[in-house]
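These values consider heavy atoms only, across backbone and side chains, with no hydrogens, waters or symmetry-generated copies. Since this is a predicted model, take the numbers as computed values, not measurements.
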Amino acid sequence: MVDRFDVIEVGERGRRRWVGLVVVLALLLIPVVSLLTSRDPEPAPPAGPTSEPIRSLTKIDSAPNALTVRPAAKGGEEVMEVVFPHGVRAEVRYPAELGLAAMGSRPYQGVWIDGQYRQLSAPYNGEFEVTAGGQAIRNYAPNVTLWPRRAGSGYYGQVLLFTFGRWRLAMYDRGQGLTFDQRVALARGLKGRETKDGYLVLSAKSPLRLARPGETAQGQPLGPQLWFGGGAGEMVVLAPTPGCKKKAGMPSVIVGRGRPAGSVCRGDVLVAVTGPQSFRKRALEGIRITLK
């Protein structure tokens with residue numbers, strides 16, 4: 001009997017310990033569960049009218065803003081056909097190891113309005129470089145928006161952002177800012193079209209005037225250009241320049257990088273380069289251009 005009661009007693013003590021453990025665990029779990037449930041998101045509000053942001057006013061994406069074409073290989077060289085922003089085509093031949101086509105090209109064009117000069121360029125990092133995911137100040141046209149001055153942009157002010165097909169072009173205010181009417185004139189008078197191979201060709205009507213090839217200010221070319229590369233890497237600028245040897249000047253985008261640079265005239269086209277010495281040497285000696 002003693003053995004049986006001992007067994008029963010042991011069984012009762014084990015069961016009581018198990019029940020006690022369950023109670024303790026339950027008490028511990030209650031605050032944990034409460035804490036976790038408190039972190040759950042609030043239930044969605046009932047369906048109803050919503051206010052969606054205007055797509056043209058909110059920019060959070062940034063498509064590539066450079067054109068990369070497939071060059072033709074000829075011996076140890078590559079050959080590609082390019083189109084400058086004023087519509088002139090050219091054949092560009094260069095050493096294959098230079099990889100010019102793979103660097104991608106972007107258009108640049110100077111614009112005059114009421115005697116004021118403005119630069120129209122394709123931001124290296126696309127529209128996000130201008131918008132930073134924020135909201136525009138206003139729309140001047142379905143494809144033209146005004147954006148606030150970016151912090152750390154020095155003497156540059158507000159920015160007009162133009163959309164021409166796949167391309168995004170920026171025009172930064174500097175010095176004396178443009179008036180409302182001038183911005184409206186730019187939005188209405190500046191047009192862009194893509195060629196079948198993806199290059200951007202620009203045109204303008206009065207009171208706008210596109211800077212001509214060879215036109216300069218303070219020794220820097222203002223006319224149509226193609227920029228290859230950029231960012232933190234090497235860069236090559238091709239700028240049609242009639243009478244190049246007499247009018248050649250280093251483009252502002254090259255000078256502004258503050259790095260070793262060089263330039264050479266290839267017929268009526270200025271070739272300006274910045275980057276390591278070996279890259280500059282290959283580019284200045286190897287790039288050949290034939291205007292069509």
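Residues Pro107 and Leu202 have side chains not in contact (no heavy-atom distance under 4.5 Å, counting atoms from C-beta outward). Residues Ile287 and Leu100 form a side-chain contact, since some pair of their non-hydrogen atoms from C-beta on lies under 4.5 Å apart. Taking 4.5 Å as the limit, every side-chain heavy atom of Val273 sits out of range of all side-chain heavy atoms of Glu234. Looking at Arg174 and Tyr117, their side chains come closer than 4.5 Å, going by heavy atoms from C-beta outward. In this structure, Pro142 and Thr163 have side chains that are not in contact, with every pair of non-hydrogen atoms separated by 4.5 Å or more. With a 4.5 Å cut-off on side-chain heavy atoms, Val144 and Arg188 do not count as touching. Under the 4.5 Å side-chain criterion, counting only non-hydrogen atoms from C-beta, Gln182 is in contact with Asp114. No side-chain heavy atom of Met171 sits under 4.5 Å from any side-chain heavy atom of Val159.
Between Pro251 and Ala272 the shortest heavy-atom distance is CD-CB, 3.6 Å. Taking both residues in full, the closest heavy atoms of Gly233 and Arg259 are given as O-NH1, 3.7 Å, listed atom of the first, atom of the second, then distance. Pairing each heavy atom of Ala187 with each of Ala141, the nearest pair is CB-CB, 4.1 Å. The shortest heavy-atom contact between Pro240 and His86 is CG-CE1, 3.9 Å. Contact record, Tyr108 with Pro85: O-CG, 3.4 Å, taken as the closest heavy-atom pair. Considering every non-hydrogen atom in both Leu238 and Phe228, the closest pair reads CD1-CE1, 3.6 Å.
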Do Leu190 and Leu208 pass the side chain to side chain contact (heavy atoms under 4.5 Å, CB included) test, and can you show the C-alpha distance, the side-chain angles, and the key distance before you say yes or no? CA-CA 8 Å; Leu190 192 61; Leu208 312 180; 4.2 Å; yes
Under the criterion side chain to side chain contact (heavy atoms under 4.5 Å, CB included), I'd like the reasoning laid out for Leu161 against Arg168: C-alpha separation, chi angles, the key distance, then a yes or no. CA-CA 7 Å; Leu161 183 65; Arg168 303 293 184 268; 4.3 Å; yes
Any chance you could lay out the side chain to side chain contact (heavy atoms under 4.5 Å, CB included) test for Leu67 and Val69, step after step, and finish with the verdict? CA-CA 6 Å; Leu67 177 64; Val69 299; 3.9 Å; yes
Kindly indicate, with the supporting measurements, whether the criterion side chain to side chain contact (heavy atoms under 4.5 Å, CB included) is fulfilled by Arg118 and Tyr172. CA-CA 7 Å; Arg118 288 293 185 271; Tyr172 291 82; over 6 Å; no
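No continuous path of ILVMFWY side-chain contacts below 4.5 Å connects Val237 to Val82, so the two sit in separate hydrophobic clusters. Taking hydrophobic clusters as Ile, Leu, Val, Met, Phe, Trp and Tyr residues chained together by side-chain heavy-atom distances below 4.5 Å, Val271 does not share a cluster with Met235. Leu284 and Trp227 end up in different hydrophobic clusters when Ile, Leu, Val, Met, Phe, Trp and Tyr side chains are linked at under 4.5 Å. Val79 is not connected to Val236 by any chain of hydrophobic side-chain contacts under 4.5 Å among Ile, Leu, Val, Met, Phe, Trp and Tyr, and they are in different clusters. Criterion: ILVMFWY side-chain heavy atoms under 4.5 Å apart, direct or through other members. Under it, Tyr94 and Leu270 are not part of a common hydrophobic cluster.
Distance check, rounded to the nearest 0.5 Å: CD of Gln119 to CG of Leu169 gives 12.5 Å. With values rounded to the nearest 0.5 angstrom, Ser121 atom OG is found 11.5 Å from Gln109 atom CD. Of the inter-residue distances, the one linking Lys245 atom NZ with Asp268 atom CG reads 10.5 Å to the nearest 0.5 angstrom. One finds the CG atom of Leu210 at 12.5 Å from the CH2 atom of Trp112 (value rounded to the nearest 0.5 Å). Note: Arg70 CZ to Met80 CE = 14.0 Å, rounded to the nearest 0.5 Å. Between the CG atom of Leu160 and the CG atom of Leu120 there is a distance of 9.5 Å, given to the nearest 0.5 Å.
Using a distance-only test at 3.5 Å, with no hydrogens or angles considered, a donor-acceptor pair links the side chain of Trp167 to the main chain of Gly198. Side-chain atoms of Thr241 come within 3.5 Å of backbone atoms of Ala239 as a donor-acceptor pair (strictly under, hydrogens ignored). A donor-acceptor contact shorter than 3.5 Å links the side chain of Thr195 to the backbone of Tyr199. In terms of modelled atom types and a separation under 3.5 Å, the side chain of Asn65 and the main chain of Pro123 share a donor-acceptor contact. With hydrogens and angles ignored, the 3.5 Å screen pairs no side-chain donor or acceptor of Tyr124 with any backbone N or O of Gly229. A donor-acceptor pair is defined here as one N or O able to donate and one able to accept, closer than 3.5 Å; no such pair exists between the side chain of Arg138 and the backbone of Leu146. Between the side chain of Glu194 and the backbone N or O of Arg166, at least one donor-acceptor pair lies under 3.5 Å.
Ion pairing between a basic and an acidic side chain is recognised when a charged N comes within 4.0 Å of a carboxylate O; Arg183 and Asp173 show such pairing. Ionic pairing of Glu81 and Lys292 is present here: one or more N-O contacts between side-chain nitrogen and carboxylate oxygen are shorter than 4.0 angstrom. Salt bridge absent: Lys74 and Glu78 never bring a charged side-chain N and a carboxylate O closer than 4.0 Å.
Heavy-atom contacts from other residues, nucleotides or ligands closer than 6.0 Å to CZ of Arg89 number more than 12.
Counted by atom type alone, Asp181 and Thr179 present zero donor-acceptor pairs between their side chains at under 3.5 Å.
Partner Tyr140 forms a ring pair (Phe, Tyr, Trp, His ring centres under 6.0 Å) with one of Phe162, Trp147, Phe180 and no other, that one being Phe180.
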